[in-house]
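Heads up: the structure comes next, in C-alpha cells.
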Amino acid sequence: MIFVAEFAKAQEEDLLSMIEEDPVTEYVNASFKTNRVINLHSLESTAPGVLDFKISHRFGYINGGFYDIFGLDGATIRLGLDYGITDRLTIGGGRSSLQKTYDGYIKYKLLRQSTGAVKMPITLAFFGSTAIQTLKWSDPDRENYFTSRLYYTFQCIIGRKFSESFSLQLSPTMVHRNLVKTKLEKNDVFGLGTAARIKLTKRVALNGEYIYILPDQLASPYQNGISIGFDIETGGHVFQLHFTNSASMIEKGFFTENTGDWTKGDIHFGFNVSRVFTVKKQKIAE
Amino acid sequence: MTRLVIITLFVLIQHTGNAQKYFTKSGTISFFSKTDMENIDATSKSAVCVLDAATGKMEWSVLIKGFQFEKALMQEHFNENYMESDKFPKAIFKGSIQNFAKINLGTNGKHKVIVDGDLTIHGVTKKISTSGTLEIKDGKVVTASEFDITIADYGISIPNLVKDNIAKTLKISVSGMLEPLKS
C-alpha cells in the first residue's frame, strides 16, 4: 500500500508528463534579420501579407578622400518593394539609379529548416530575377534591340542556421546577359555567393559576403565581391550598414560588373533601410 | 488471504477512481498589452492543462512559439528578442486550486476558485495567485482565469526605443475545457 501511495504521489508531482505532446514541426526562423544579407538575397522570405519598403544607398569609393568626403558626394540608390504572398513565396522589384535599371524578382522556398515532427537540416530557396537597363543607347545610329537591355539571374539559396548566433548560406548563381561588351565576355556567367551572419547581441548582427566568379568569364578588371556589414534592428526598422566593393545592388551588377579593388581602397560605404508594413494581418489558426 | 487481496484490490480501484484526472491540449492563453501607442495581443490555442481531481493540483504548459500575432514581425521579435524561445521554449504553471475540496465534480455548477502556484516564464519562476472560475458541465471541467503579470519580474527587458509601445504589465487570460483523462 505504501508503494501505491508513493506511486500516486510521484504521479501528482508532474501532471504534465502524463500528457503525450502532439508532435509539432517548428520552423527555424530569423536565420538572417531581413531578406537581404548585404547585396545577396538571404534565405529569408518576407512574411505573408507584409510589404517591405527598402531604401538602399551605395556611396562613392572611400579612397576619394576628403575632397569627396570619402565617397559621400556620389551615391547610387535603389528603391525597392518586397511582398510576401505565402510563407514560401516572395515577390519584389525595384529601381536602381545605377544604369537606370528596373528589376523584378520571385523567390520561392522549397525546403524550410525545421525541427520537431518534420526534421529538415537546411533551407533551400529558388530565386529568379529580370533586370531592364534603360540608359539611352550609346550608339543610336546602329540597330538596337530592346532585348539587349535584359538580364536574367537564376539562383539557388542553400542555407542553415547552425546556432542562435551563426547562419551560413551558399548561393550558386547564373547571370545571363543578352548583350555583352566584347566577344571575350560570356553571356552566361556562373558564380558562387557565400554569406554568413554572426549575431552579436539580440539586435545587432555582423554579416559577411563573398562572391566568387568562375574564371575566364569576365574581362579584366573584374573583381570578386567582398562585403562586410552590420544589421541593427530597432523595432519596425532594420538598418544595414556596410562596406562593399560593389556599387550595384542587384544580382546582374554585383555578380558581373564588379570592378572595385579592396586593396586599392575601392570600397563603398552603403546602407539598406528596411521598413515593413503589415498589409494583411495574420489569421490566428484554430 | 483472499480477503486481504480483495481489500487491497478494492482500495486500489477506489484510489484510481479518486485520482481522476482532467486534461486538455487545446487550452487558450492570450495576452494583451495596452499603451497609448498601440495595442498588442497574441493567442495560443494549444496550451496543455492537467487537473488532478483528487488533490486540486493544476498544471499548465504552453509553447512560446505557439503564440500568434497579427503582425509577423512582432511575432519574430517576441520569440527572438524578448522571450528567447529557443532557450526557453515553454511557459509553465504548477499550482493548485485552494477551495477545491468543497467542489463536487459530480454535479453541474459554476464555482469561483482561487488558484496559486509557480509561474515560469523566460526561465524565471514567480509565485502567483489568481481568482478564476471552474464550471462542471456534463463531466467536463471548464476553467477560466484572468490575471496580470509584470514583464520586468520575468527578466524580460524592453529597450528604450519601444518602451512606450509595450505595456509594463500584461493582462493574461487563460481558459480551457478539460475532459476526463483515460489511462
Side-chain angles (χ1 to χ4, degrees), chain A residues 1 3-5 7-9 11-22 24-31 33-34 44-50 52 84 87 115-116 161 163-165 199 201-203 205 232-238 274-286, chain B residues 7-8 11-12 15-16 18-19 21-26 28 30 41-46 48-52 54-55 57-61 63 65-77 79-82 84-87 89-90 92-94 96 157 159 161-162 165-166 181 183:
Chain A
M1 283 312 294
F3 171 74
V4 171
F7 180 66
K9 202 173 161 225
Q11 264 191 329
E12 279 156 18
E13 266 163 13
D14 195 8
L15 293 171
L16 287 169
S17 62
M18 299 174 65
I19 305 295
E20 216 173 288
E21 281 180 45
D22 293 329
V24 206
T25 302
E26 256 186 46
Y27 294 104
V28 170
N29 61 8
S31 304
K33 285 246 186 263
T34 87
E44 296 290 342
S45 44
T46 305
V50 170
D52 185 349
D87 282 347
T115 57
K161 186 179 190 177
S163 72
E164 188 51 33
S165 59
K199 207 171 153 187
T201 71
K202 279 185 206 168
R203 290 176 181 80
I232 301 163
E233 186 194 298
T234 64
H237 292 86
V238 177
S274 154
R275 173 73 181 134
V276 300
F277 301 93
T278 303
V279 177
K280 252 167 65 186
K281 288 183 172 171
Q282 293 196 110
K283 279 201 197 102
I284 291 169
E286 287 296 320
Chain B
I7 290 169
T8 312
V11 171
L12 206 71
H15 188 95
T16 324
N18 280 345
K21 308 229 174 10
Y22 293 84
F23 85 107
T24 182
K25 288 183 187 180
S26 54
T28 302
S30 344
D41 65 297
T43 302
S44 166
K45 292 190 175 174
S46 51
V48 177
C49 174
V50 185
L51 170 69
D52 185 344
T55 59
K57 277 196 161 59
M58 188 182 225
E59 295 186 1
W60 285 85
S61 161
L63 272 177
K65 280 191 181 167
F67 280 98
Q68 292 185 298
F69 291 67
E70 281 186 337
K71 291 184 178 174
L73 196 71
M74 272 184 188
Q75 193 166 327
E76 189 177 310
H77 291 167
N79 283 297
E80 273 276 288
N81 300 342
Y82 301 113
E84 301 175 84
S85 54
D86 283 327
K87 244 191 268 175
K90 284 176 181 172
I92 287 172
F93 173 78
K94 290 188 178 195
S96 51
S157 55
L161 203 73
V162 293
N165 297 57
I166 300 172
L181 176 69
S183 46

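Chain letters run A, B, ... following the sequence lines, proteins first, then strands; residues in each count from 1.
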- Name the region of A:Val24, side chain, backbone, both or neither, that has any atom closer than 4.5 Å to a heavy atom of chain B. side chain
Which distance, rounded to the nearest 0.5 Å, do you find between the [atom1] of [X] and the [atom2] of [Y]?
X	Y	atom1	atom2	result
B:Leu73	A:Arg275	CG	CZ	9.0 Å
A:Glu233	B:His77	CD	NE2	3.5 Å
A:Glu26	B:Asn79	CD	CG	8.5 Å
A:Lys281	B:Phe69	NZ	CZ	13.5 Å

Using non-hydrogen atoms only, which part of [X] is less than 4.5 Å away from chain A: side chain, backbone, both, or neither?
X	result
B:Lys65	side chain
B:Met58	backbone
B:Val162	side chain
B:Asn81	both

- Most heavy-atom pairs under 4.5 Å with chain B, out of A:Thr46, A:Leu16, A:Thr278, belong to A:Leu16
- If you tally heavy-atom pairs under 4.5 Å between each of B:Leu51, B:Asp86, B:Val50, B:Leu63 and chain A, the highest tally belongs to B:Val50
- Item | Close side-chain approach of B:Leu181 to A:Ile19, heavy-atom, < 4.5 Å | yes
- Side-chain touch B:Glu80/A:Lys199, heavy atoms, less than 4.5 angstrom: yes
- Message: Determine whether A:Val276 and B:Lys71 satisfy the following criterion, side chain to side chain contact (heavy atoms under 4.5 Å, CB included), listing intermediate values before the conclusion.
- Response: CA-CA 10 Å; A:Val276 300; B:Lys71 291 184 178 174; over 6 Å; no
- Indicate yes or no for a side-chain donor-acceptor contact from B:Lys25 to the backbone of A:Glu20 under 3.5 Å, with no hydrogens or angles considered. yes
- Message: Closer than 3.5 angstrom, by distance alone: can the side chain of B:Glu59 be matched with the main-chain N or O of A:Leu15 as a donor-acceptor pair?
- Response: yes
- Query: Where do A:Lys202 and B:Glu84 land on the side chain to side chain contact (heavy atoms under 4.5 Å, CB included) test, with the steps shown first?
  - Reply: CA-CA 9 Å; A:Lys202 279 185 206 168; B:Glu84 301 175 84; 3.7 Å; yes
